[in-house]
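One structure below.
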Amino acid sequence: MKTGSICAVCGEWLPTAVCRERECGWIVAIGEDTIIAAVEHNQQTRHPVRVYTE
Amino acid sequence: MLQPELNERLSRVGKGTPAGELYRRYWLPVAAAAELDENPVKPVRILGEDLVLYRSEAGELGLVARKCPHRGASLAYGFPDGPGLRCAYHGWLFDGTGSCLEQPNQEPASPRLRERASITGYPVRELAGLIFAYLGEGPAPALPLLDLFTLEENDTQFRDIGSAIIPCNWLQIMENSFDPTHVEWLHGKYFNYTLERAGEEPTELAGHHIKIGFDLVDYGIIKRRLREGQTEESEDWRTGHPVYFPHILKVGGYGLQSLQIRVPVDDTNTLHFWYCWFDVEEKFSHLVQQVRQLPDIYDVKLQNDDGTFRMDTIDSQDAMVWVTQGPIASRHDENLSSSDQGIALFRTLLRKQLDANEADEPVMNVYDPATESNVIELPMERKELGFGGASKGNPVSAFLRTQSLYSPRLTALSKLIDAEAEQASRVPS
């Protein structure tokens with residue numbers, strides 16, 4: 001399934017979160033929990049994190 | 001969707017509430033400095049507390065509880081005298097810490113009564129045309145020096161500060177700052193509908209969003225958008241709009257830089273500042289000199305006398321959607337969509353910060369006083385803003401489609417530029 005979009009089956013929106021810190025490599029796309037994971041990663045690591053949909 | 005209990009937790013700002021205690025960790029602007037020029041005593045209500053801001057005869061600022069502890073009269077009718085503010089009723093005198101200095105008709109003087117009569121006083125500081133107060137416990141943190149607070153007026157650059165009380169909770173105002181696609185509809189398609197009916201030039205704001213993104217950074221969140229026809233090299237995506245947590249949005253473009261600062265008055269009212277810097281071409285510098293004689297503060301009109309929203313500026317349109325959500329938006333009956341992920345992100349960040357504050361852990365943007373001199377640079381777009389409606393050769397006239405419509409300086413400058421253009425067009429070639 002394409003991340004950063006809306007599920008064509010259930011209509012849930014599926015943002016992607018990507019860490020912008022060089023060489024970190026953290027990325028998640030776990031439905032609405034993506035947002036929580038993104039904030040936790042940012043708060044724990046102080047790394048900038050981008051959340052997006054397209 | 002938020003359960004009512006969580007909504008309350010995020011929204012309410014009274015003393016002892018989670019969000020109220022978080023807000024009390026920050027320096028908050030409570031007035032523009034020039035507001036005290038005409039009358040040095042001003043009643044203010046911040047975070048549900050009724051206070052009086054004043055400038056003493058010695059020029060020192062004070063912010064104290066509004067109720068006189070003697071007979072309960074309002075110190076908003078007090079007058080500056082020596083080092084403090086004197087109650088109009090019987091002349092009791094208070095300094096900026098709230099200590100009672102004099103009780104004139106108390107014979108003999110009673111140090112104990114005087115001590116008992118002390119009132120709440122909060123630290124106050126003036127910076128860049130604004131008066132900031134710290135309503136928290138313990139020593140005040142450093143006052144953040146945001147980049148626009150360091151600018152100086154010159155031949156081509158000037159500042160003004162608009163303000164209004166928005167009759168709704170602060171959170172729904174902030175949430176709008178994380179909602180890129182409303183620009184396409186509210187300020188684009190809707191505004192163009194009204195402009196076309198009035199026979200005026202449409203905006204360029206109706207472009208369809210094909211991608212939105214939000215960067216969590218050390219000071220808050222940067223909102224990004226990509227519209228049809230743009231690439232990721234466009235400023236909309238590359239630079240975006242930063243929000244300095246929890247209450248300041250920075251926006252701007254060619255000729256304008258501004259901070260939109262939202263300060264809760266109480267649970268259902270928000271003091272909104274538009275802190276704007278304008279930058280014009282050198283050829284207009286003689287006109288800038290003239291308008292700098294005018295007041296640099298103004299009230300922003302958002303509603304008509306009958307309470308309906310004016311809808312003729314970007315900002316009154318925003319106010320309409322903020323306020324019509326209700327005094328405190330009920331979020332249990334909302335249906336967030338994919339375009340609302342920024343709102344969900346901000347709520348999550350806010351929840352985490354509330355948790356951290358309650359656990360006595362470090363909170364975002366609360367600085368040790370030793371870091372005071374650091375300037376906080378926030379990114380800003382420089383592109384044309386796309387408001388439309390500019391008269392020929394007059395770049396500032398497009399700003400009249402914002403709250404600057406009520407700015408004495410900006411409106412005067414626009415008229416002067418138009419008048420010069422008109423005069424020039426009459427000169428035979």
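Letters go in sequence order (proteins before strands), and every chain restarts at 1.
- The 12-atom threshold is not exceeded at CZ of B/R351, counting heavy atoms of other residues, nucleotides or ligands nearer than 6.0 Å.
- Proximity to chain B is limited to the backbone of A/H47, based on heavy atoms less than 4.5 angstrom apart.
- Within the 4.5 Å cutoff, side-chain heavy atoms of B/L349 are placed close to those of A/Q43.
- Taken to the nearest 0.5 Å, the OG1 atom of A/T16 stands 9.0 Å off from the CD atom of B/Q341.
- The stretch residues 205-239 of chain B places B/I210, B/K211, B/I212, B/G213, B/F214, B/D215, B/L216, B/V217, B/D218, B/R224, B/W237 near chain A, each with some heavy atom under 4.5 Å from a heavy atom of that chain.
- Summarising the geometry, atom CD1 belonging to A/I35 is positioned 5.0 Å from atom CG belonging to B/L345; distances are rounded to the nearest 0.5 Å.
- Against chain A, no residue from residues 171-191 of chain B qualifies, as none has a non-hydrogen atom under 4.5 angstrom away.
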